[in-house]
Asks: 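I'd like to ask you about the structure that follows.
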Amino acid sequence: LPSTQRLLAFYRKHSLPIIHVMTGCWGPDYREFPPNFRTCILDIEHRAGMSLNYYFGTWDTQIVDELTPRVGEAIVRKRGSSAFATSDIDWVLHSWGIKAMVMTGNGTGGCVWATAFEGSERGYGIVALSDAIDSPAPPEKQKPAWERLHSIGQVCTTEELIADFTRQLEDQSGSTLSMQEREHAS
């Protein structure tokens, strides 16, 4: 969370576009989720012996207080692993002129990977922040996902990305760098 907070503060300071993504559904039995995602959630609930409450409006689907969206920041609601498959994120990215995504979040091998992969397939640049992506899986289970993320984009730390943005801002003599102008090198 601290790395994501630093990134969010940097983006806000420099008026860079921010899109928050939430996962959830409206129906009582996850019926809006794609079948494989619904099966996965129900299996996790069964093994944990408790409900995850993936219903919009419940605590489990809320953005944590430390990352609360502000006016002008988009909130996209997805109903599955990939934000592209189950939300309007592609429309938001296109309408804002965004050509690259910086990935943070939870679920290295699931949601983060699915969204990153589908985004790369649609031509978006992908940057995955190694210190701002978490997973409940043990590190050895996450390794293949990180290798796949390296194969489709750039993997770096939050501080490396902020330093890169700062250098670009300085190169532009203090003008604000927008994500539209940002192309990430692999």
Asks: Within the structure provided, determine whether L169 and H14 are in side-chain contact (heavy-atom separation under 4.5 Å).
Replies: yes
Asks: Roughly how far, to the nearest 0.5 Å, is CG of L129 from CE of M103?
Replies: 9.5 Å
Asks: Can you check whether I126's main-chain N or O pairs, donor with acceptor, with Q154's side chain at less than 3.5 Å?
Replies: no
Asks: How are the rings of Y30 and F33 set relative to one another: parallel (under 30°), tilted (30 to 60°) or perpendicular (over 60°)?
Replies: parallel
Asks: Among pairs that include at least one residue of residues 39-54, which meet salt bridge (charged side-chain N to carboxylate O under 4.0 Å, His left out), considering only residues two or more places apart or in two chains?
Replies: D43-R47
Asks: Which residues pass the side chain to side chain donor-acceptor pair (under 3.5 Å) test with R167, not counting sequence neighbours?
Replies: none
Asks: Check whether any side-chain heavy atom of I98 lies under 4.5 Å from a side-chain heavy atom of P17, and answer yes or no.
Replies: yes
Asks: Are any side-chain N or O atoms of T86 and backbone N or O atoms of A83, one a donor and one an acceptor, separated by less than 3.5 Å?
Replies: no
Asks: Do the side chains of V76 and M22 get nearer than 4.5 Å, heavy atoms only?
Replies: no
Asks: How many angstroms lie between CZ in F117 and CG in L149, if you round to the nearest 0.5 Å?
Replies: 11.5 Å
Asks: How long is the span from the NE2 atom in H150 to the SG atom in C156, to the nearest 0.5 Å?
Replies: 9.5 Å
Asks: Has D131 got a side-chain atom pairing as donor or acceptor with T158's backbone, closer than 3.5 angstrom?
Replies: yes
Asks: Does any pair with a residue in residues 68-87 pass salt bridge (charged side-chain N to carboxylate O under 4.0 Å, His left out), and if so which ones, sequence neighbours excluded?
Replies: R12-E73
Asks: Quick one: closest heavy-atom pair of G80 and P34, and the distance?
Replies: CA-CD, 4.0 Å
Asks: With a 4.5 Å limit on heavy-atom distance, are the side chains of L161 and F10 in contact?
Replies: no
Asks: Can you measure from CD1 (I162) to OG1 (T157) and round to the nearest 0.5 angstrom?
Replies: 8.5 Å
Asks: How long is the gap from CD1 on I89 to OH on Y124, to the nearest 0.5 Å?
Replies: 8.0 Å
Asks: Shortest non-hydrogen contact from V102 to L7?
Replies: CG1-CD2, 4.0 Å
Asks: Can a donor-acceptor pair be found between the side chains of R6 and S3 at a distance below 3.5 Å?
Replies: yes
Asks: Just wondering, do L93 and M101 contact through their side chains at under 4.5 Å, heavy atoms?
Replies: yes
Asks: To the nearest 0.5 Å, how far apart are NZ in K99 and NE2 in H94?
Replies: 9.0 Å
